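Source: prediction; values computed, not measured. Residue numbering restarts at 1 for every chain, and letters A, B, ... go by the order of the sequence lines.
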There are 2 protein chains.
Amino acid sequence: MPGPIQSIERAAAMLRLLARGSGHHGLAEIAAALGLAKGTAHGILRTLQRVEFVEQDQSTGRYRLGAALLHLGTSYLDANELRSRSINWADTLAARSGHEVRIGMHLDGAVLVVHHVFRPDDTMQTLGIGGMLPLHATALGKVLLAYDAGLLATIRRAELTSLTRRTIVRPSALERVLAEVRAAGWASEAEEYMPGEAGIAAPIRMPGGLVVGAIGISGAVDRICQTANRPRQALVDHVCHAAEAVSRSLATDN
Amino acid sequence: MPGPIQSIERAAAMLRLLARGSGHHGLAEIAAALGLAKGTAHGILRTLQRVEFVEQDQSTGRYRLGAALLHLGTSYLDANELRSRSINWADTLAARSGHEVRIGMHLDGAVLVVHHVFRPDDTMQTLGIGGMLPLHATALGKVLLAYDAGLLATIRRAELTSLTRRTIVRPSALERVLAEVRAAGWASEAEEYMPGEAGIAAPIRMPGGLVVGAIGISGAVDRICQTANRPRQALVDHVCHAAEAVSRSLATDN
DNA sequence: GGCGATCGGTCGGCATTGTCGAACGGTGCT
DNA sequence: AGCACCGTTCGACAATGCCGACCGATCGCC
């Protein structure tokens with residue numbers, strides 16, 4: 001692949017860096033993190049500022065993400081087929097299961113949430129759309145890992161960070177779980193991401209069988225599971241049914 | 001200002017172009033729109049694809065926005081002070097006024113919605129966060145225009161597009177309205193953006209007095225106005241009160 | 001069914017372009 | 001007051017990305 005443009009790659013790396021830590025970063029800090037000269041980093045940031053991808057705090061001089069990115073992000077959502085096709089089914093899954101529903105896809109070694117339906121009786125305003133979840137500790141992530149061989153290799157480099165006492169941290173254990181996921185066609189998780197929380201997820205497939213995303217529910221562990229680590233069969237059926245419906249919807253042309 | 005980096009500016013222009021029309025764009029079309037050679041455009045797109053700012057439809061070869069932008073957009077939201085400071089007041093304004101609330105700021109010749117609270121009794125899922133509204137036909141936009149002299153010049157170049165029968169299209173008429181806005185300290189709009197809809201908005205100020213955004217309500221014209229073009233004074237007071245509260249909140253350090 | 005137009009993608013030469021490192025002025029700590 | 005660090009500017013070098021012509025495949029129209 002000839003000629004990836006360095007300045008653009010560097011600019012993208014800066015934006016990703018600014019997205020981490022969600023705070024204000026200084027020029028020297030940015031330059032050091034990317035291994036660039038201060039002058040070079042400044043030129044890139046100045047350009048990103050002109051196009052409003054980056055803003056600068058006038059008093060401190062530090063840099064943060066810019067407003068134009070918000071519009072680009074929602075424009076992406078509007079054009080995202082996986083999301084638009086699955087919205088209706090996500091609603092019905094939430095209604096039938098009584099739990100909140102998330103639809104995720106892989107991005108950059110994590111699960112990107114592209115849609116989120118709250119529990120019917122929940123008024124919580126924190127919408128997880130655009131948020132990132134760990135691949136190895138969520139049901140959505142396990143599904144994505146199970147059906148993407150290359151992804152697993154990427155993950156193994158990064159440490160499997162322990163989030164709760166029950167998070168899977170041994171690569172061999174994870175691989176065994178993923179084999180079970182492939183065999184069963186769905187994944188579950190109990191208190192591996194957050195204490196007291198559990199989830200169930202199933203793969204969404206493009207025509208041809210390629211897994212492009214996952215749909216799942218999550219909620220209190222005693223409502224998702226009947227015994228430890230054994231999710232309720234009725235909920236599993238609901239999730240798998242919704243996943244198949246979305247996959248079928250992706251096969252139609254309109 | 002020495003040395004804005006062209007390749008990055010071009011990449012940003014491409015992303016903006018892809019955000020418009022929210023559909024799939026072809027390489028030749030993109031190159032033509034930006035006045036670039038096909039090879040040049042291809043190199044930039046290939047790089048943007050590597051960093052997942054752009055995706056390519058495998059069957060048709062067309063380009064669309066990529067998933068990484070969604071995460072950047074929500075990361076921007078998390079760090080946005082205007083939004084985080086105003087969320088609580090937006091909720092109370094919605095409760096007191098009984099209407100949906102929006103908070104907007106200027107971006108690229110339009111109003112960028114950074115927060116949106118639905119009407120208490122409304123279950124509609126279309127969240128306008130990240131959406132763009134016209135400056136000259138909304139109450140939010142009039143506020144931003146009234147307090148930003150440079151912005152008005154930018155707008156005058158672009159045609160004042162007529163959205164309804166009552167949209168202000170004559171520049172002189174708009175300027176007279178903006179003078180009234182400055183005198184009153186708030187703006188209103190009745191069926192200038194959508195038939196049957198009206199709105200009221202007031203400015204949000206940084207410490208020092210600079211207007212950085214606007215907060216406003218909108219809803220059915222007969223619920224916002226008591227007579228044609230005369231918004232209910234009680235609602236105006238609620239909006240102005242909320243705007244001042246948010247401005248005061250921006251002045252505190254924590 | 002074959003042909004033309006158009007598509008996305010590639011390649012190599014030229015010079016424009018971005019990169020680097022050192023120097024500058026201001027600010028906030030110690 | 002001193003110092004250290006910040007963000008910013010500048011100029012020279014050469015590496016870098018830009019251009020335009022050239023492929024192969026695909027689609028649609030005769």
TODO: Look at Y63(A) and dT8(D) and indicate whether a side-chain polar atom (N or O) is within less than 4.0 Å of OP1 or OP2.
DONE: yes
Task: DNA chain D: 5'-proximal contact among Q49(A) and S7(A) (nearest heavy atom) - done: Q49(A)
TODO: Could you tell me the separation between the CD1 atom of I5(B) and the P atom of dT16(C), rounded to a whole number of Å?
DONE: 18 Å
Task: Distance in angstrom units between E9(B) CD and dC18(D) C1', rounded - done: 15 Å
- [ ] Report the residues that fulfil salt bridge (charged side-chain N to carboxylate O under 4.0 Å, His left out) with E55(B), sequence neighbours left out, ordered by chain and then residue number.
- [x] R64(B)
- [ ] Using the test side chain to side chain donor-acceptor pair (under 3.5 Å), find all partners of D57(A) that sit at least two apart in sequence or belong to another chain.
- [x] S59(A)
Open item on the list: Just the rounded figure in Å: distance from C1' of dG7(D) to CD1 of I30(A).
Closed with: 11 Å
Using nucleotides 19-26 of chain D, report all nitrogen or oxygen pairs with the protein that are shorter than 3.5 Å.
| from | atom 1 | to | atom 2 | distance (Å) |
| --- | --- | --- | --- | --- |
| dC19(D) | OP2 | T40(B) | OG1 | 2.7 |

- [ ] Tell me which of I44(A) and R62(B) sits closer to the 5' end of DNA chain C, going by the nucleotide each one is nearest to.
- [x] R62(B)
Open item on the list: Below the 4.0 Å mark, does dT8(D) have OP1 or OP2 next to a side-chain nitrogen or oxygen of Q56(A)?
Closed with: yes
TODO: Could you check how far CZ of R46(B) sits from C1' of dT16(D), rounded to whole Å?
DONE: 14 Å
- [ ] Using the test salt bridge (charged side-chain N to carboxylate O under 4.0 Å, His left out), find all partners of R16(B) that sit at least two apart in sequence or belong to another chain.
- [x] D108(B)
Task: Interatomic spacing from CG in L69(B) to OG in S75(B) - rounded to 0.5 Å - done: 11.0 Å
Open item on the list: Rounded to whole Å, please give me the gap between CG in L27(A) and C1' in dA4(D).
Closed with: 16 Å
TODO: Rounded to the nearest angstrom, tell me the gap between atom NE2 in H24(A) and atom C1' in dC6(D).
DONE: 16 Å
- [ ] Would you indicate, yes or no, if dT8(D) has its OP1 or OP2 atom less than 4.0 angstrom from a side-chain nitrogen or oxygen of H42(A)?
- [x] yes
TODO: Calculate, to the nearest 0.5 Å, the distance between atoms NE2 and OH belonging to H71(A) and Y76(B) respectively.
DONE: 13.0 Å
Acceptor/donor pairs from residues 130-152 of chain B side chains to any protein atom, 3.5 angstrom cut, sequence neighbours excluded:
| from | atom 1 | to | atom 2 | distance (Å) |
| --- | --- | --- | --- | --- |
| H136(B) | NE2 | T161(B) | O | 2.8 |
| T138(B) | OG1 | P134(B) | O | 2.9 |
| T138(B) | OG1 | G141(B) | N | 3.0 |
| K142(B) | NZ | S188(B) | O | 2.9 |
| K142(B) | NZ | E192(B) | OE1 | 2.9 |
| K142(B) | NZ | E192(B) | OE2 | 3.3 |
| D148(B) | OD1 | G150(B) | N | 3.1 |
| D148(B) | OD1 | L151(B) | N | 3.1 |

Open item on the list: According to side chain to side chain contact (heavy atoms under 4.5 Å, CB included), who are the partners of S162(A), at least two apart in sequence or on a separate chain?
Closed with: T167(A), V169(A)
- [ ] Please report, rounded to the nearest Å, how far the C1' atom of dC7(C) is from the NE2 atom of H25(B).
- [x] 16 Å
- [ ] Could you tell me the separation between the CG atom of D57(B) and the P atom of dC27(D), rounded to a whole number of Å?
- [x] 12 Å
